[in-house]
Amino acid sequence: DQQVKQNSPSLSVQEGRISILNCDYTNSMFDYFLWYKKYPAEGPTFLISISSIKDKNEDGRFTVFLNKSAKHLSLHIVPSQPGDSAVYFCAASAEGTYKYIFGTGTRLKVLA
Amino acid sequence: SQTIHQWPATLVQPVGSPLSLECTVEGTSNPNLYWYRQAAGRGLQLLFYSVGIGQISSEVPQNLSASRPQDRQFILSSKKLLLSDSGFYLCAWGRGDTEAFFGQGTRLTVV
């Protein structure tokens, strides 16, 4: 039972363009969402988060959008850079559960 | 500042051998601690989490166990490894309502 889904296993984008990574969830109790970036053989690093009381959060080139009614969130990277090439995971947690549930990841390749 | 240490970085073990992976956190007290496994096509699967010393919650029935003997120490163990236990194991700490921070991971290959 995959509560957090990333339906695109991979994405290729030209340098300088926008990268849009998508994530869907099924549990309506989730109220905190996170995006992580992961390079091979390393631990994931935190990028950006959003709480369910917001619909947008921005940090530099990274913006996360949350659509609660659709149970969907997306990560926008503008402009995309070759160093952004990595696997991106979205994650969700529900208040009081202490657990972070991750999606299966999307491999982003930014082409120079 | 908080840091998380996980070792070893790589491990090759024969089938049927025991396993012990250790994770320690510095710079914070009473963290929530997590063990995840990344396997091909499976994303990051939560294996165990702990909200306090001696308190372990298991998410997936399997051949592994976890223990938290001290506040900032989390251990992943197995008595007898299976081939299917191969994967990339990650320890993390967090508070549940803010971001979690991950260690560098352990690549386990069971042969």
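Proteins get letters first, then strands, A, B, ... in listed order; numbering begins at 1 in each.
For L44(B), the parts lying near chain A are the backbone and the side chain together; criterion is any non-hydrogen pair under 4.5 Å. In this structure, the portion of E59(B) lying under 4.5 Å from any heavy atom of chain A is its side chain and not its backbone. For a residue to count as touching a neighbouring chain, one of its non-hydrogen atoms must lie under 4.5 Å from one of that chain's; by this rule Q38(B) touches chain A with the side chain only. Of the two parts of S93(A), only the side chain, counted from C-beta on, holds a non-hydrogen atom closer than 4.5 Å to a non-hydrogen atom of chain B.
In this structure, F62(A) is a member of the same hydrophobic cluster as W35(A), with clusters built from ILVMFWY side-chain heavy atoms closer than 4.5 Å. In the hydrophobic clustering of this structure, Y100(A) groups with V87(A); members are Ile, Leu, Val, Met, Phe, Trp, Tyr whose side-chain heavy atoms approach within less than 4.5 Å, directly or through other members. Under a hydrophobic-cluster definition in which Ile, Leu, Val, Met, Phe, Trp and Tyr are linked whenever side-chain heavy atoms come within less than 4.5 Å, directly or via other members, L47(B) and F101(B) are assigned to the same cluster. Criterion: ILVMFWY side-chain heavy atoms under 4.5 Å apart, direct or through other members. Under it, I4(B) and L90(B) are not part of a common hydrophobic cluster. With hydrophobic clusters built from ILVMFWY side chains whose heavy atoms lie under 4.5 angstrom apart, Y34(B) does not share a cluster with Y89(B).
Rounding to the nearest 0.5 Å gives a distance of 9.0 Å between CG of L46(B) and CZ of F102(A).
Within residues 102-111 of chain B, the residues having any heavy atom closer than 4.5 Å to a heavy atom of chain A are F102(B), G103(B), Q104(B), listed by residue number. Using a 4.5 Å heavy-atom cut-off against chain B, the contacting residues of residues 36-48 of chain A are Y36(A), K38(A), A41(A), E42(A), G43(A), P44(A), F46(A). Taking 4.5 Å as the heavy-atom cut-off, the residues of residues 19-33 of chain A that approach chain B are Y32(A), ordered by number. Scanning residues 11-25 of chain B against chain A with a 4.5 Å heavy-atom cutoff picks out nothing at all.
Within 6.0 Å of the CZ atom in R17(A), the count of heavy atoms belonging to other residues, nucleotides or ligands does not exceed 12. Residue E95(A) qualifies as open at atom CD: its count of foreign heavy atoms under 6.0 Å is 12 or below. In R95(B), the CZ atom is crowded: over 12 heavy atoms of neighbouring residues, nucleotides or ligands sit closer than 6.0 Å.
Two rings, from Y98(A) and Y49(B), have their centers 6.0 Å or more apart.
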